[in-house]
Amino acid sequence: MLKELWQYVSSTTENPVAKKMGFLSEAISMEARAKRCKQSWGVHYQNCQKAILRASQRAVQKRTVLVLGAGSLHDIPLGILSAQFDKVLLVDLVFLNSARSIAQQFDNVALIEHDITESLERICIGLPVVDTPMAWLDDSSIDLVVSLNLITQLPLIPVRWLMEHFECSEQEGDILGKQLILAHLLYLQLFNGEVCLIADREGIEFDSDGSEVERFDPWWDIESPQVIESWQWELMPLGEHSRHRYQINRVGVSFL
Ligand SMILES: C[S@@+](CC[C@H](N)C(=O)[O-])C[C@H]1O[C@@H](n2cnc3c(N)ncnc32)[C@H](O)[C@@H]1O
């Protein structure tokens, strides 16, 4: 707990919205959860890294690779990408100091704190307006884009924020969630280079006997692109969130 408090106060995150809306706290909690669930999350991280390397093979040229939702960097084969590409751009709303130390080891790796939805400043003041993002679309050197365990996360904090602070109804929240997911898909489709989307496709909750309790769609009923490869990620092992329940997500890879 003390460590997490220290991480919060010592963070160099510049985006005020990231702190105000709770993205920084979420990144810190996620890092702690990743440590506790090292074994089950490690397999998922390895699968993500392998999928990114397969995507990299599809990129004919290797000038710039853009990774959206880079977060902890644990699911990125950074050493190999840094050797293969001239430039590696890693984007997230928040980077903790641990990610900064890793990135510093590579001369051609840049960490960029940026809101991928380009909508959070407005959402933060209660305006539920979603635009199609534009960043990097004019960079013709981008040969590979990876959206990394990001798309289904985009609505979660913004919708909760609007419901808690601006009396947003469930129906309005649902529309905003769908719009954020669709806008990200549309954005990815606008790049000229190869685009690889890695995202959870399904969440399943089990009780301690292993019986399925609930199955949910992390895509808010938006149709997700065809999956060419998938794996199970034990997101919440038994005892992590509850002593009676555990959750497994199916993560899928698509090329757009
Ligand atoms: C499930 S995490 C995956 C991160 C990373 N790939 C990992 O496993 O550590 C989702 C990431 O999306 C980032 N994120 C959420 N909303 C964002 C936004 N609007 N713009 C940029 N990043 C965002 C979070 O900060 C978080 O790092």
Side-chain angles (χ1 to χ4, degrees), residues 7-8 11 13-38 40-49 51-52 55 65-78 81 88-100 102-103 111-124 128-136 145-162 176-177 179-181 183-185 187-188 196-201 203 218 231 233-236 247 249 251 253:
Q7 278 180 303
Y8 191 89
S11 162
T13 289
E14 280 165 19
N15 187 334
V17 166
K19 266 194 169 173
K20 191 168 176 186
M21 290 180 73
F23 287 94
L24 175 59
S25 314
E26 180 59 29
I28 292 169
S29 316
M30 193 164 150
E31 185 165 87
R33 208 177 308 141
K35 275 198 186 123
R36 289 194 301 272
C37 307
K38 202 170 177 177
S40 52
W41 286 33
V43 178
H44 161 70
Y45 288 149
Q46 279 172 18
N47 284 324
C48 291
Q49 295 200 10
I52 293 172
V65 53
L66 176 69
V67 182
L68 307 172
S72 68
L73 318 190
H74 292 320
D75 42 4
I76 303 171
L78 197 53
L81 290 185
V88 182
L89 305 182
L90 304 179
V91 180
D92 202 289
L93 199 54
V94 174
F95 284 110
L96 300 182
N97 293 338
S98 48
R100 291 178 197 282
I102 298 171
L111 293 189
I112 303 163
E113 288 193 335
H114 172 76
D115 164 24
I116 290 298
T117 68
E118 295 178 21
S119 306
L120 289 182
E121 274 188 20
R122 272 166 296 165
I123 291 173
C124 188
V129 184
V130 174
D131 273 337
T132 300
M134 300 302 287
W136 297 287
V145 180
V146 181
S147 173
L148 187 53
N149 296 309
L150 168 72
I151 190 165
T152 58
Q153 303 298 303
L154 292 176
L156 302 181
I157 290 180
V159 169
R160 192 179 66 204
W161 174 263
L162 287 172
L176 185 92
Q179 287 175 337
L180 284 165
I181 288 182
H184 186 65
L185 262 188
Y187 171 60
L188 293 177
C196 172
L197 170 74
I198 301 176
D200 37 12
R201 308 300 169 118
W231 59 85
W233 174 18
E234 197 178 358
L235 179 70
M236 296 278 187
Q247 184 180 327
N249 282 11
V251 179
V253 180

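When a ligand or atom number is given, it counts from 1 through the structure's own listing order.
- Gln247 and Asn249 share a donor-acceptor pair across their side chains, judged by distance under 3.5 Å alone.
- Between His44 and Trp231, the ring planes are tilted. Angles from 30° to 60° get that label.
- Side-chain contact of Asp75 with Asn149: a donor-acceptor pair under 3.5 Å is present, judged by distance alone.
- For the residue pair His184 / Ser147, a side-chain donor-acceptor distance below 3.5 Å is found, with atom types taken as modelled.
- Side-chain N or O atoms of Arg36 include none that pairs as donor or acceptor with a backbone N or O of Ala34 at under 3.5 Å.
- For a heavy-atom separation below 4.0 Å, the residues in contact with ligand 1 are Phe23, Met30, Tyr45, Gly69, Ala70, Gly71, Ser72, Asp75, Asp92, Leu93, His114, Asp115, Ile116, Thr117, Leu120, Leu148, Asn149, Leu150, Gln153, Leu154.
- In this structure, a donor-acceptor pair under 3.5 Å is present between the side chains of Thr152 and Asp200.
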